[in-house]
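Atoms within each ligand, like the ligands themselves, are counted from 1 in listed order. Since the model is a prediction, treat every value here as computed from it, not as a measurement.
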Amino acid sequence: MFTMDELSREIAGCTKCRLHLNRTNTVPGEGNPSARVMFIGEAPGADEDKQGRPFVGKAGQLLDKALNALDFNREKNFYICNICKCRPENNRTPADDEAEACLPFLRNQVALVKPKIIVCLGATSLKYIIDKQARITSVRGTWFERKGYYITATFHPAALFRDESKKRLFWEDLKKVKEKYDEIISFEQKKNL
Ligand code: URA
């Protein structure tokens, strides 16, 4: 079993798929390494590739703003990462073999963080975490319980720039995540009394 630092070093040296050829930096993930909530996106974009940090561009800033309004922040309450740790050129959707090559890193991250809640951001994350056939419009905001994790999905924050009407639904979904989080925290506190 890796530590998070060892895993990040492993990711930095990865050449398992073609995405390593064009990367500036790998983008392993960041946040509280023992958070109850883990957000999982698709793959780094240009800003993330430049900085080696997830969700730091326009979409990430929008996500942070929404989450901060719910009193969630990266240092304290959540861990955030992607299905793929390297940027696909022109921000194309990662190919199946690229995602499959990267998934063992994500499995290790989940095993290390041990979140109670996993939130898939967008269709790619939904596809590899919940169900290959699922549609974001039909499963968003609903909960799946698997292997002791509460798993849900919502729109990728970048989709909100393309379709403003998704903003309200996105916000509703995030509020459900916060409600579930509060339930878990209060259950844990009662258990420890
Ligand atoms: N989009 C993603 O899916 N992940 C990032 O880190 C940035 C943009």
**Prompt:** Does Lys116 count as lying over the ring of Phe187, i.e. NZ or CZ under 6.0 Å from the six-ring centre, within 45 degrees of the axis?
**Reply:** no

**Prompt:** Taking the six-membered ring of Phe105, is the NZ or CZ of Lys85 close enough (under 6.0 Å from the centre) and on axis enough (within 45°)?
**Reply:** no

**Asked** Which ligand 1 atoms does Gly41 reach within 4.0 Å, using its non-hydrogen atoms?
**Response**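 Here the atoms of ligand 1 in question are 3 (O).
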
**ligand 1 versus Glu42: contacting region, heavy-atom distance under 4.0 Å** = both

**Contact check, Ala43 vs ligand 1, heavy-atom distance below 4.0 Å** =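 Yes, that is the case, since the closest heavy atom of the residue is under 4.0 Å from the ligand.
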
**Message:** Quick check on His156 - does any of its heavy atoms sit under 4.0 Å from an atom of ligand 1?
**Reply:**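 A heavy atom of His156 does come that close to ligand 1.
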
Could you check if a side-chain atom of [X] sits within less than 4.5 angstrom of a side-chain atom of [Y], using non-hydrogen atoms only?
X: Arg74; Y: Phe55; result: yes
X: Phe144; Y: Asp131; result: no
X: Thr26; Y: Cys14; result: no

**Prompt:** Between Pro54 and ligand 1, is there a nitrogen or oxygen pair with a distance under 3.5 Å?
**Reply:**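 Pro54 vs ligand 1: no N/O contact under 3.5 Å.
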
**atom 4 (N) of ligand 1: nearest protein contact (heavy atom, Å)** = Asn82 OD1, 2.7 Å

